[in-house]
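These notes are about the structure you will find just below.
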Amino acid sequence: MAADVIVVGAGHNGLTCAAYLVRAGLEVTVVESRGTVGGCASTVDAIGARVNICNCDHTMVLASGIVEELGLAAHGLRYLDVDPVEVAIGWGDEPAFVQYRSVERTVAGLPPAAGAAYRRYVDATLPLARLVLASAAGPPSFGRLLRLAKPRAAAMLLAWRRRSLLDVLASFGLPPWIRSAFAATGPGVWGVSPAAPGTAIGAVGPVLRHLAGVGRPAGGSGALPAALAAAVAAHGGTIRTASPVAGLVVEGGAVRGARLADGTQLTAPAVVCAVDPRTVLVDWLPPHLRRAARPRPDEYESKVDAVIAAPPALRALAGVDAEPHVATTVVSPPPEVLAAGPGRRVTDPPMFLVNVPSVRDPAMRPPGGGHLLSLEVLWTPYHLAGGWAGSDEPWRWLTRLASLAEPGFLDGVGAWRAMTPPDYERDFGLARGYAPSFAGGPLGALLGRPPELTRYRTAVRGLYLSGAGTFPGAGVWGASGRNAAHAVLADRR
(Lines give C-alpha, C1' and ligand atoms only; values in the text may rest on other atoms or scores of the structure.)
Protein backbone atom coordinates (compact mmCIF):
# COMPACT_ATOMS: atom_id res chain seq x y z
CA MET A 1 0.00 0.00 0.00
CA ALA A 2 1.54 3.32 -1.08
CA ALA A 3 0.86 6.88 0.09
CA ASP A 4 2.56 10.26 -0.11
CA VAL A 5 3.00 10.40 3.67
CA ILE A 6 2.60 7.93 6.51
CA VAL A 7 1.86 9.43 9.93
CA VAL A 8 2.64 7.10 12.82
CA GLY A 9 0.52 7.84 15.89
CA ALA A 10 -3.03 9.18 16.02
CA GLY A 11 -2.68 11.39 19.05
CA HIS A 12 -3.76 14.98 18.58
CA ASN A 13 -0.38 16.02 17.11
CA GLY A 14 -0.31 13.18 14.59
CA LEU A 15 -3.89 13.92 13.54
CA THR A 16 -3.15 17.65 13.31
CA CYS A 17 -0.18 16.93 11.05
CA ALA A 18 -2.27 14.61 8.88
CA ALA A 19 -5.10 17.13 8.61
CA TYR A 20 -2.79 19.84 7.29
CA LEU A 21 -1.18 17.43 4.82
CA VAL A 22 -4.45 16.10 3.36
CA ARG A 23 -5.75 19.67 3.03
CA ALA A 24 -2.66 20.37 0.93
CA GLY A 25 -3.67 17.55 -1.42
CA LEU A 26 -1.35 14.76 -0.26
CA GLU A 27 -2.38 11.14 0.11
CA VAL A 28 -1.92 10.39 3.82
CA THR A 29 -2.23 7.20 5.84
CA VAL A 30 -2.31 7.45 9.64
CA VAL A 31 -1.44 4.30 11.59
CA GLU A 32 -2.27 3.91 15.27
CA SER A 33 -1.42 1.01 17.58
CA ARG A 34 -4.51 1.39 19.76
CA GLY A 35 -8.03 0.59 18.66
CA THR A 36 -9.09 4.24 18.85
CA VAL A 37 -7.56 7.62 18.06
CA GLY A 38 -6.67 10.41 20.47
CA GLY A 39 -3.92 9.01 22.69
CA CYS A 40 -3.67 10.88 25.97
CA ALA A 41 -6.12 13.51 24.70
CA SER A 42 -8.88 10.92 24.27
CA THR A 43 -12.06 10.23 26.20
CA VAL A 44 -12.98 6.58 26.74
CA ASP A 45 -15.74 4.44 28.26
CA ALA A 46 -14.82 3.22 31.75
CA ILE A 47 -16.47 2.73 35.16
CA GLY A 48 -19.86 3.29 33.57
CA ALA A 49 -19.00 6.79 32.38
CA ARG A 50 -17.05 8.75 29.77
CA VAL A 51 -13.59 9.36 31.22
CA ASN A 52 -10.79 11.66 30.05
CA ILE A 53 -7.42 9.91 29.87
CA CYS A 54 -5.67 13.07 31.08
CA ASN A 55 -6.76 16.50 32.28
CA CYS A 56 -9.57 17.98 30.20
CA ASP A 57 -8.32 21.60 30.35
CA HIS A 58 -7.13 22.92 26.98
CA THR A 59 -5.21 26.19 26.84
CA MET A 60 -2.51 26.42 24.19
CA VAL A 61 -4.56 24.93 21.35
CA LEU A 62 -7.06 27.75 21.87
CA ALA A 63 -4.38 30.34 21.05
CA SER A 64 -2.75 28.37 18.23
CA GLY A 65 -5.32 29.08 15.49
CA ILE A 66 -5.42 25.37 14.60
CA VAL A 67 -9.11 24.96 15.47
CA GLU A 68 -10.02 27.77 13.08
CA GLU A 69 -7.52 26.90 10.32
CA LEU A 70 -8.75 23.32 10.10
CA GLY A 71 -12.43 24.25 10.45
CA LEU A 72 -12.92 21.84 13.35
CA ALA A 73 -16.22 23.41 14.40
CA ALA A 74 -17.70 21.94 11.22
CA HIS A 75 -16.65 18.52 12.52
CA GLY A 76 -18.47 18.88 15.83
CA LEU A 77 -15.85 20.55 18.05
CA ARG A 78 -17.26 23.05 20.52
CA TYR A 79 -15.37 24.54 23.45
CA LEU A 80 -16.86 25.47 26.82
CA ASP A 81 -15.16 28.42 28.52
CA VAL A 82 -13.70 27.80 31.97
CA ASP A 83 -13.42 30.83 34.27
CA PRO A 84 -11.85 30.93 36.81
CA VAL A 85 -9.06 29.27 34.86
CA GLU A 86 -7.57 27.65 37.97
CA VAL A 87 -8.09 27.37 41.72
CA ALA A 88 -5.38 26.37 44.20
CA ILE A 89 -5.39 25.37 47.85
CA GLY A 90 -2.84 23.90 50.25
CA TRP A 91 -2.78 21.23 52.91
CA GLY A 92 -2.69 23.70 55.79
CA ASP A 93 -4.39 27.00 56.51
CA GLU A 94 -3.10 28.78 53.40
CA PRO A 95 -5.55 31.09 51.60
CA ALA A 96 -7.16 29.81 48.43
CA PHE A 97 -5.81 31.28 45.21
CA VAL A 98 -8.33 31.91 42.44
CA GLN A 99 -6.93 32.79 39.02
CA TYR A 100 -9.38 34.32 36.57
CA ARG A 101 -8.84 35.01 32.86
CA SER A 102 -8.86 38.68 33.86
CA VAL A 103 -5.71 39.87 35.60
CA GLU A 104 -7.70 42.64 37.28
CA ARG A 105 -10.21 40.23 38.77
CA THR A 106 -7.42 37.94 39.95
CA VAL A 107 -5.61 40.79 41.68
CA ALA A 108 -8.84 42.04 43.25
CA GLY A 109 -9.29 38.71 45.02
CA LEU A 110 -5.85 38.77 46.65
CA PRO A 111 -4.65 40.51 49.82
CA PRO A 112 -3.06 43.90 48.92
CA ALA A 113 0.58 42.82 49.21
CA ALA A 114 0.01 39.59 47.31
CA GLY A 115 -2.03 41.45 44.67
CA ALA A 116 0.76 43.97 44.11
CA ALA A 117 3.32 41.17 43.80
CA TYR A 118 1.08 39.30 41.38
CA ARG A 119 0.69 42.38 39.19
CA ARG A 120 4.47 42.87 39.10
CA TYR A 121 4.91 39.25 38.12
CA VAL A 122 2.33 39.35 35.30
CA ASP A 123 3.54 42.68 33.90
CA ALA A 124 7.14 41.48 33.84
CA THR A 125 6.38 38.05 32.35
CA LEU A 126 3.86 39.03 29.67
CA PRO A 127 6.51 39.80 26.98
CA LEU A 128 8.10 36.39 27.45
CA ALA A 129 4.69 34.67 27.40
CA ARG A 130 3.89 36.38 24.09
CA LEU A 131 7.27 35.27 22.74
CA VAL A 132 6.51 31.65 23.69
CA LEU A 133 3.16 31.82 21.91
CA ALA A 134 4.67 33.35 18.79
CA SER A 135 7.68 31.03 18.70
CA ALA A 136 5.52 27.90 18.73
CA ALA A 137 3.93 28.90 15.42
CA GLY A 138 6.97 27.61 13.52
CA PRO A 139 10.29 25.77 13.90
CA PRO A 140 12.53 27.78 16.22
CA SER A 141 15.91 29.15 15.18
CA PHE A 142 18.29 31.90 16.24
CA GLY A 143 17.20 34.07 13.34
CA ARG A 144 13.54 33.57 14.13
CA LEU A 145 14.18 34.37 17.77
CA LEU A 146 15.83 37.66 16.76
CA ARG A 147 12.82 38.54 14.61
CA LEU A 148 10.24 37.68 17.27
CA ALA A 149 11.87 38.71 20.54
CA LYS A 150 11.27 42.12 22.01
CA PRO A 151 14.24 43.40 24.04
CA ARG A 152 12.53 42.77 27.39
CA ALA A 153 11.59 39.21 26.47
CA ALA A 154 15.07 38.40 25.15
CA ALA A 155 16.71 39.83 28.27
CA MET A 156 14.39 37.85 30.54
CA LEU A 157 15.00 34.63 28.61
CA LEU A 158 18.75 35.03 29.01
CA ALA A 159 18.46 35.97 32.68
CA TRP A 160 16.21 33.00 33.46
CA ARG A 161 17.99 30.29 31.51
CA ARG A 162 19.75 28.85 34.57
CA ARG A 163 17.39 29.98 37.33
CA SER A 164 14.79 27.87 39.12
CA LEU A 165 11.07 28.51 39.12
CA LEU A 166 10.91 28.93 42.90
CA ASP A 167 13.73 31.47 42.79
CA VAL A 168 12.08 33.54 40.06
CA LEU A 169 8.65 33.52 41.69
CA ALA A 170 10.14 34.55 45.04
CA SER A 171 11.95 37.46 43.37
CA PHE A 172 8.58 39.05 42.59
CA GLY A 173 7.48 38.75 46.22
CA LEU A 174 4.77 36.17 45.51
CA PRO A 175 3.68 34.42 48.74
CA PRO A 176 4.50 30.73 49.27
CA TRP A 177 0.94 29.53 48.60
CA ILE A 178 0.98 31.05 45.08
CA ARG A 179 4.50 29.77 44.42
CA SER A 180 3.34 26.26 45.37
CA ALA A 181 0.38 26.42 42.99
CA PHE A 182 2.53 27.49 40.05
CA ALA A 183 5.22 24.94 40.91
CA ALA A 184 2.65 22.13 40.79
CA THR A 185 1.28 23.05 37.35
CA GLY A 186 4.77 23.71 35.95
CA PRO A 187 7.72 21.54 37.00
CA GLY A 188 5.37 19.39 39.08
CA VAL A 189 3.65 18.26 35.90
CA TRP A 190 7.03 17.86 34.18
CA GLY A 191 8.22 15.50 36.91
CA VAL A 192 11.10 17.66 38.18
CA SER A 193 11.81 19.80 41.22
CA PRO A 194 10.81 23.47 40.86
CA ALA A 195 14.09 24.27 42.63
CA ALA A 196 16.09 22.78 39.74
CA PRO A 197 18.09 25.20 37.55
CA GLY A 198 16.44 25.83 34.20
CA THR A 199 12.85 25.48 35.42
CA ALA A 200 12.19 29.23 35.54
CA ILE A 201 10.43 29.07 32.16
CA GLY A 202 7.55 27.47 34.08
CA ALA A 203 6.68 30.96 35.31
CA VAL A 204 5.26 31.64 31.84
CA GLY A 205 2.49 29.03 32.16
CA PRO A 206 0.15 30.91 34.52
CA VAL A 207 0.46 34.06 32.41
CA LEU A 208 -0.43 32.09 29.29
CA ARG A 209 -3.74 31.22 30.97
CA HIS A 210 -4.47 34.95 31.10
CA LEU A 211 -3.62 35.30 27.40
CA ALA A 212 -5.24 32.17 25.98
CA GLY A 213 -7.87 31.28 28.57
CA VAL A 214 -8.93 27.74 29.38
CA GLY A 215 -11.57 25.72 27.58
CA ARG A 216 -12.93 22.20 27.56
CA PRO A 217 -14.32 20.42 24.51
CA ALA A 218 -18.00 19.64 25.02
CA GLY A 219 -18.29 15.92 25.59
CA GLY A 220 -14.75 15.51 26.87
CA SER A 221 -11.17 16.07 25.79
CA GLY A 222 -11.53 13.40 23.12
CA ALA A 223 -13.81 15.65 21.09
CA LEU A 224 -10.68 17.40 19.77
CA PRO A 225 -8.96 14.32 18.27
CA ALA A 226 -12.36 13.08 17.07
CA ALA A 227 -12.85 16.34 15.12
CA LEU A 228 -9.28 16.13 13.78
CA ALA A 229 -9.89 12.55 12.62
CA ALA A 230 -13.10 13.65 10.91
CA ALA A 231 -11.19 16.44 9.15
CA VAL A 232 -8.58 13.94 7.93
CA ALA A 233 -11.27 11.61 6.60
CA ALA A 234 -13.24 14.46 5.00
CA HIS A 235 -10.24 15.31 2.82
CA GLY A 236 -9.59 11.72 1.78
CA GLY A 237 -7.05 10.64 4.39
CA THR A 238 -6.94 7.08 5.73
CA ILE A 239 -6.72 6.18 9.42
CA ARG A 240 -5.77 2.63 10.38
CA THR A 241 -6.25 1.79 14.05
CA ALA A 242 -5.06 -1.40 15.78
CA SER A 243 -1.99 -1.22 13.52
CA PRO A 244 1.15 -1.08 15.67
CA VAL A 245 4.40 -0.20 13.89
CA ALA A 246 7.36 -2.56 14.41
CA GLY A 247 9.98 -0.60 12.46
CA LEU A 248 10.82 1.68 9.57
CA VAL A 249 11.99 0.76 6.09
CA VAL A 250 15.18 2.70 5.30
CA GLU A 251 17.23 2.35 2.12
CA GLY A 252 20.21 4.43 1.05
CA GLY A 253 19.81 6.88 3.92
CA ALA A 254 16.17 7.61 3.07
CA VAL A 255 12.95 6.33 4.56
CA ARG A 256 10.80 4.18 2.28
CA GLY A 257 7.90 3.37 4.57
CA ALA A 258 6.87 1.61 7.76
CA ARG A 259 6.59 -2.04 8.73
CA LEU A 260 3.63 -3.08 10.87
CA ALA A 261 3.76 -5.71 13.59
CA ASP A 262 1.69 -8.10 11.46
CA GLY A 263 4.27 -7.94 8.67
CA THR A 264 2.38 -5.50 6.44
CA GLN A 265 4.67 -2.97 4.75
CA LEU A 266 3.36 0.50 4.00
CA THR A 267 5.26 2.47 1.38
CA ALA A 268 5.75 6.23 1.28
CA PRO A 269 8.61 8.67 0.58
CA ALA A 270 7.86 10.52 3.82
CA VAL A 271 7.06 9.25 7.31
CA VAL A 272 6.09 11.48 10.24
CA CYS A 273 6.47 9.75 13.61
CA ALA A 274 4.22 11.41 16.20
CA VAL A 275 5.40 9.11 18.98
CA ASP A 276 8.22 9.13 21.53
CA PRO A 277 11.35 10.21 19.55
CA ARG A 278 13.41 7.70 21.53
CA THR A 279 11.32 4.85 20.11
CA VAL A 280 11.98 6.10 16.59
CA LEU A 281 15.69 6.92 16.88
CA VAL A 282 16.71 4.02 19.12
CA ASP A 283 14.31 1.16 18.40
CA TRP A 284 12.97 1.55 14.85
CA LEU A 285 15.98 2.60 12.80
CA PRO A 286 18.55 0.14 11.39
CA PRO A 287 21.44 -0.48 13.81
CA HIS A 288 23.94 1.75 11.97
CA LEU A 289 21.58 4.75 12.22
CA ARG A 290 20.38 4.33 15.80
CA ARG A 291 21.09 6.89 18.51
CA ALA A 292 22.41 6.12 21.97
CA ALA A 293 19.54 5.74 24.42
CA ARG A 294 19.16 8.40 27.10
CA PRO A 295 17.78 7.57 30.55
CA ARG A 296 14.03 7.99 30.86
CA PRO A 297 12.40 9.97 33.66
CA ASP A 298 10.84 7.79 36.33
CA GLU A 299 8.32 10.07 38.05
CA TYR A 300 5.25 11.41 36.39
CA GLU A 301 1.64 11.00 37.46
CA SER A 302 -1.26 8.68 38.13
CA LYS A 303 -4.98 9.31 37.78
CA VAL A 304 -8.06 8.15 39.63
CA ASP A 305 -11.45 8.36 37.93
CA ALA A 306 -14.55 7.82 40.06
CA VAL A 307 -18.30 8.09 39.84
CA ILE A 308 -19.33 10.18 42.86
CA ALA A 309 -22.67 11.17 44.34
CA ALA A 310 -21.61 14.81 44.68
CA PRO A 311 -18.42 16.88 44.22
CA PRO A 312 -16.24 17.15 47.33
CA ALA A 313 -17.10 20.25 49.39
CA LEU A 314 -13.55 21.50 49.96
CA ARG A 315 -13.38 23.46 53.21
CA ALA A 316 -10.65 25.79 51.94
CA LEU A 317 -13.04 27.09 49.29
CA ALA A 318 -15.87 27.95 51.68
CA GLY A 319 -16.68 31.60 51.14
CA VAL A 320 -14.59 31.90 47.99
CA ASP A 321 -16.36 33.93 45.31
CA ALA A 322 -16.16 31.28 42.58
CA GLU A 323 -18.44 28.42 41.64
CA PRO A 324 -16.82 25.24 43.02
CA HIS A 325 -15.30 22.73 40.60
CA VAL A 326 -15.81 24.75 37.44
CA ALA A 327 -12.02 24.98 37.23
CA THR A 328 -9.36 22.44 38.10
CA THR A 329 -8.37 22.73 41.76
CA VAL A 330 -4.65 22.35 42.47
CA VAL A 331 -3.79 20.96 45.90
CA SER A 332 -0.11 21.51 46.56
CA PRO A 333 2.40 21.05 49.40
CA PRO A 334 4.51 24.03 50.51
CA PRO A 335 7.54 25.07 48.42
CA GLU A 336 10.07 23.38 50.70
CA VAL A 337 8.39 19.98 50.13
CA LEU A 338 8.31 20.48 46.38
CA ALA A 339 11.94 21.60 46.32
CA ALA A 340 13.02 18.13 47.45
CA GLY A 341 11.81 16.74 44.12
CA PRO A 342 10.24 13.37 43.28
CA GLY A 343 11.43 10.02 44.62
CA ARG A 344 10.42 6.39 44.89
CA ARG A 345 7.47 7.21 47.10
CA VAL A 346 4.48 9.42 46.42
CA THR A 347 5.09 12.92 47.76
CA ASP A 348 3.54 13.42 51.18
CA PRO A 349 1.47 15.49 51.30
CA PRO A 350 0.71 14.76 47.65
CA MET A 351 0.15 17.08 44.71
CA PHE A 352 -3.38 16.78 43.36
CA LEU A 353 -5.16 18.16 40.32
CA VAL A 354 -8.85 17.81 41.22
CA ASN A 355 -11.36 18.07 38.43
CA VAL A 356 -15.08 17.37 38.27
CA PRO A 357 -15.70 17.81 34.52
CA SER A 358 -19.41 17.03 34.83
CA VAL A 359 -19.98 20.31 36.72
CA ARG A 360 -19.13 22.42 33.66
CA ASP A 361 -20.18 19.86 31.06
CA PRO A 362 -23.46 17.98 31.69
CA ALA A 363 -22.55 15.62 28.83
CA MET A 364 -19.85 14.16 31.11
CA ARG A 365 -22.31 13.14 33.81
CA PRO A 366 -22.57 9.39 34.35
CA PRO A 367 -25.77 7.89 32.89
CA GLY A 368 -26.76 6.55 36.31
CA GLY A 369 -26.57 9.98 37.94
CA GLY A 370 -24.06 11.77 40.12
CA HIS A 371 -20.82 13.30 38.91
CA LEU A 372 -17.44 12.26 37.53
CA LEU A 373 -14.27 12.87 39.55
CA SER A 374 -10.86 13.16 37.94
CA LEU A 375 -8.02 13.09 40.47
CA GLU A 376 -4.51 13.41 39.04
CA VAL A 377 -1.68 12.69 41.45
CA LEU A 378 1.72 14.06 40.46
CA TRP A 379 5.11 12.51 41.19
CA THR A 380 3.96 8.93 41.41
CA PRO A 381 7.00 6.79 40.55
CA TYR A 382 7.07 3.98 38.04
CA HIS A 383 9.08 1.88 40.48
CA LEU A 384 7.00 2.47 43.60
CA ALA A 385 8.64 1.26 46.80
CA GLY A 386 6.89 -2.04 47.53
CA GLY A 387 5.39 -2.20 44.02
CA TRP A 388 2.04 -1.10 42.62
CA ALA A 389 0.46 -4.55 42.74
CA GLY A 390 -1.61 -4.69 45.89
CA SER A 391 -0.65 -1.15 46.92
CA ASP A 392 -3.28 0.84 48.81
CA GLU A 393 -1.97 4.10 47.31
CA PRO A 394 -4.86 4.84 44.91
CA TRP A 395 -7.51 4.51 47.63
CA ARG A 396 -5.30 6.49 50.01
CA TRP A 397 -5.41 9.38 47.54
CA LEU A 398 -9.18 9.43 47.75
CA THR A 399 -9.04 9.38 51.54
CA ARG A 400 -6.54 12.25 51.52
CA LEU A 401 -8.86 14.24 49.28
CA ALA A 402 -11.74 13.43 51.64
CA SER A 403 -9.71 14.88 54.53
CA LEU A 404 -9.92 18.28 52.82
CA ALA A 405 -13.69 18.07 52.34
CA GLU A 406 -16.77 18.13 54.49
CA PRO A 407 -17.79 14.70 55.85
CA GLY A 408 -19.60 12.23 53.61
CA PHE A 409 -17.56 12.45 50.41
CA LEU A 410 -16.17 8.91 50.59
CA ASP A 411 -19.65 7.50 51.22
CA GLY A 412 -20.66 8.75 47.77
CA VAL A 413 -17.77 7.13 45.85
CA GLY A 414 -19.10 4.44 43.52
CA ALA A 415 -17.24 2.73 40.69
CA TRP A 416 -13.66 3.91 40.34
CA ARG A 417 -10.37 3.00 38.72
CA ALA A 418 -6.72 4.04 38.96
CA MET A 419 -4.27 4.51 36.11
CA THR A 420 -0.70 4.25 37.43
CA PRO A 421 2.58 4.66 35.47
CA PRO A 422 2.72 0.93 34.56
CA ASP A 423 -0.87 1.19 33.30
CA TYR A 424 -0.01 4.16 31.06
CA GLU A 425 2.97 2.22 29.72
CA ARG A 426 0.85 -0.84 28.94
CA ASP A 427 -2.20 0.90 27.49
CA PHE A 428 -0.72 4.00 25.82
CA GLY A 429 2.88 3.11 25.06
CA LEU A 430 4.22 5.72 27.48
CA ALA A 431 7.54 4.19 28.52
CA ARG A 432 7.73 4.14 32.33
CA GLY A 433 4.41 5.98 32.33
CA TYR A 434 6.01 9.23 31.24
CA ALA A 435 4.41 11.45 28.61
CA PRO A 436 7.53 12.55 26.71
CA SER A 437 7.99 16.27 26.89
CA PHE A 438 10.48 18.33 24.94
CA ALA A 439 13.77 17.84 26.75
CA GLY A 440 15.73 20.89 25.61
CA GLY A 441 16.17 23.95 27.81
CA PRO A 442 14.10 27.05 26.99
CA LEU A 443 16.93 28.96 25.36
CA GLY A 444 18.12 25.91 23.43
CA ALA A 445 14.59 25.30 22.17
CA LEU A 446 14.10 28.82 20.89
CA LEU A 447 17.51 28.64 19.22
CA GLY A 448 16.57 25.39 17.50
CA ARG A 449 18.52 22.85 19.56
CA PRO A 450 18.55 19.88 19.34
CA PRO A 451 17.71 20.14 15.63
CA GLU A 452 15.60 17.01 15.08
CA LEU A 453 13.35 17.86 18.05
CA THR A 454 12.89 21.51 17.07
CA ARG A 455 13.08 21.43 13.25
CA TYR A 456 11.16 18.11 12.98
CA ARG A 457 13.58 16.71 10.35
CA THR A 458 15.98 13.84 11.06
CA ALA A 459 19.24 12.72 9.47
CA VAL A 460 17.24 10.14 7.51
CA ARG A 461 15.77 11.74 4.40
CA GLY A 462 12.00 11.81 4.47
CA LEU A 463 11.76 10.94 8.18
CA TYR A 464 10.16 13.56 10.41
CA LEU A 465 9.34 13.76 14.12
CA SER A 466 6.31 15.23 15.82
CA GLY A 467 4.40 14.78 19.06
CA ALA A 468 5.01 15.65 22.70
CA GLY A 469 8.73 14.82 22.51
CA THR A 470 9.33 17.64 20.03
CA PHE A 471 9.06 21.42 20.35
CA PRO A 472 7.02 22.90 22.02
CA GLY A 473 6.44 19.81 24.19
CA ALA A 474 3.62 18.03 25.98
CA GLY A 475 0.13 19.33 26.56
CA VAL A 476 -2.81 19.81 24.21
CA TRP A 477 -1.30 22.29 21.77
CA GLY A 478 -1.09 20.82 18.27
CA ALA A 479 1.76 23.16 17.28
CA SER A 480 4.19 20.27 16.82
CA GLY A 481 1.82 18.56 14.40
CA ARG A 482 1.25 21.69 12.35
CA ASN A 483 4.95 22.56 12.27
CA ALA A 484 5.90 19.04 11.19
CA ALA A 485 3.34 19.22 8.36
CA HIS A 486 4.83 22.52 7.22
CA ALA A 487 8.30 20.92 7.21
CA VAL A 488 7.04 18.07 5.00
CA LEU A 489 5.33 20.48 2.59
CA ALA A 490 8.36 22.76 2.42
CA ASP A 491 10.63 19.84 1.52
CA ARG A 492 8.25 18.65 -1.20
CA ARG A 493 8.32 22.11 -2.72
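Only a predicted model underlies this, so the values are computations on that prediction, with no experimental measurement involved.
Considering all non-hydrogen atoms of both residues, Leu410 and Leu398 come closest at CD2-O, 3.8 Å. When all heavy atoms of Leu70 and Ala19 are compared, the closest pair comes out as CD1-CB, 3.8 Å. Nearest heavy atom pair, residue Asn13 against residue Gly481, reads OD1-N, 3.0 Å. Heavy atoms only, all atoms of each residue included: Leu465 and Pro277 are closest at CD1-CB, 4.1 Å. Val8 and Val275 get closest at one heavy-atom pair: O-CG1, 3.8 Å. When all heavy atoms of Ala18 and Val30 are compared, the pair lying nearest together is CB-CG2, 3.6 Å.
Although no hydrogens or angles enter the test, the distance criterion places a donor-acceptor pair under 3.5 Å between the side chain of Tyr121 and the main chain of Ala203. Checking side-chain atoms of Ser302 against main-chain N and O of Thr380 turns up no donor-acceptor pair under 3.5 Å. A donor-acceptor contact shorter than 3.5 Å is absent between the side chain of Arg365 and the backbone of Pro362. Although no hydrogens or angles enter the test, the distance criterion places a donor-acceptor pair under 3.5 Å between the side chain of Ser102 and the main chain of Glu104. Here the side chain of Ser135 pairs a donor or acceptor atom with the backbone of Val132 at under 3.5 angstrom. At distances below 3.5 Å, at least one donor-acceptor pair connects side-chain atoms of Glu32 with backbone N or O atoms of Ala10. The main-chain N or O of Met351 is never found under 3.5 Å from a side-chain atom of Ser332 such that the two would form a donor-acceptor pair. Asp83 places a side-chain N or O within 3.5 Å of a backbone atom of Arg101 that can act as its donor or acceptor partner. Panel note: side chain Asn52, backbone Cys54; no donor-acceptor pair is recorded below 3.5 Å. No donor-acceptor distance shorter than 3.5 angstrom exists from the side chain of Glu393 to the backbone of Ser391, with no hydrogens or angles considered.
Here the CG atom belonging to Leu453 is positioned 11.0 Å from the OG atom belonging to Ser466, to the nearest 0.5 angstrom. The CG atom of Leu384 sits 8.0 Å away from the CZ atom of Arg344 when rounded to the nearest 0.5 Å. Considering OG of Ser64 and CH2 of Trp477, their distance stands at 9.0 Å, rounded to 0.5 Å. Atom CZ in Arg360 sits 11.5 Å away from atom CG in Asp57 (nearest 0.5 Å). Separating the SG atom in Cys17 from the NE2 atom in His12 is a distance of 12.0 Å, to the nearest 0.5 Å. To the nearest 0.5 Å, atoms CE (Met60) and CZ (Arg209) are separated by 11.0 Å.
Looking only at side-chain heavy atoms (C-beta outward), Val87 and Gln99 stay at 4.5 Å or farther from each other. Contact of the Trp388 side chain with the Pro421 side chain is registered, since non-hydrogen atoms from C-beta on lie closer than 4.5 Å. Within the 4.5 Å cutoff, the side chain of Phe352 has no heavy atoms near those of the Leu378 side chain. Proximity of Val98 to Asp321: side-chain heavy atoms (C-beta onward) are nowhere separated by under 4.5 Å. Counting heavy atoms from C-beta on, the side chains of Arg417 and Val51 come closer than 4.5 Å. Side chains of Val331 and Leu353 form no contact here, defined as non-hydrogen atoms less than 4.5 Å apart. Between Tyr424 and Arg432 there is no side-chain heavy-atom pair separated by less than 4.5 Å. Considering only heavy atoms from C-beta on, His325 comes within 4.5 Å of Pro312 through its side chain.
Cation-pi check for Arg120 over Phe172 is not met; the charged atom does not lie both under 6.0 angstrom from the ring centroid and within 45 degrees of its normal.
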Step by step, work out the side chain to side chain contact (heavy atoms under 4.5 Å, CB included) result for Trp416 and Leu373.
CA-CA 9 Å; Trp416 66 282; Leu373 172 71; over 6 Å; no
Salt bridge (Lys or Arg N to Asp or Glu O under 4.0 Å) for Arg315 and Glu406? Distances and angles first, verdict last.
CA-CA 6 Å; Arg315 291 188 296 273; Glu406 296 295 341; 5.1 Å; no
Just do the side chain to side chain contact (heavy atoms under 4.5 Å, CB included) check on Thr241 and Val31 with the steps written out, would you?
CA-CA 6 Å; Thr241 56; Val31 290; over 6 Å; no
Does Leu211 form a side chain to side chain contact (heavy atoms under 4.5 Å, CB included) with Arg130? I'd like the steps, not just the answer.
CA-CA 8 Å; Leu211 290 176; Arg130 293 192 176 103; 4.1 Å; yes
Under the criterion side-chain hydrogen bond (donor to acceptor under 3.5 Å, both in side chains), I'd like the reasoning laid out for Tyr456 against Asn483: C-alpha separation, chi angles, the key distance, then a yes or no.
CA-CA 8 Å; Tyr456 313 102; Asn483 292 346; 3.1 Å; yes
Evaluate the side chain to side chain contact (heavy atoms under 4.5 Å, CB included) criterion for residues Val330 and Ile89: first the C-alpha distance (whole Å), next the side-chain angles of each, then the deciding distance (0.1 Å), finally the verdict.
CA-CA 6 Å; Val330 179; Ile89 62 176; over 6 Å; no
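Side-chain atoms of Ser221 and Thr43 include no donor-acceptor pair closer than 3.5 Å. Side-chain contact, Thr328 with Asn355: a donor N or O sits under 3.5 Å from an acceptor N or O. Checking Asp423 against Thr420 by side-chain atom types alone, a donor-acceptor pair falls below 3.5 Å.
Ring planes of Tyr118 and His210: perpendicular class, angle over 60° (limits at 30 and 60°).
For Phe182 and Trp177, the distance between ring centers is not under 6.0 angstrom.
Residues satisfying the salt bridge (Lys or Arg N to Asp or Glu O under 4.0 Å) criterion with Arg163, sequence neighbours excluded, are Asp167. Under the salt bridge (Lys or Arg N to Asp or Glu O under 4.0 Å) criterion, Arg50 pairs with Asp45, not counting sequence neighbours.
The pair Arg179-Glu336 does not count as a salt bridge, with every side-chain nitrogen at least 4.0 angstrom from each carboxylate oxygen. A salt bridge links Arg400 with Asp348; the closest basic N to acidic carboxylate O contact falls under 4.0 Å.
Within a 6.0 Å sphere centred on CZ of Arg426, other residues, nucleotides and ligands contribute more than 12 heavy atoms.
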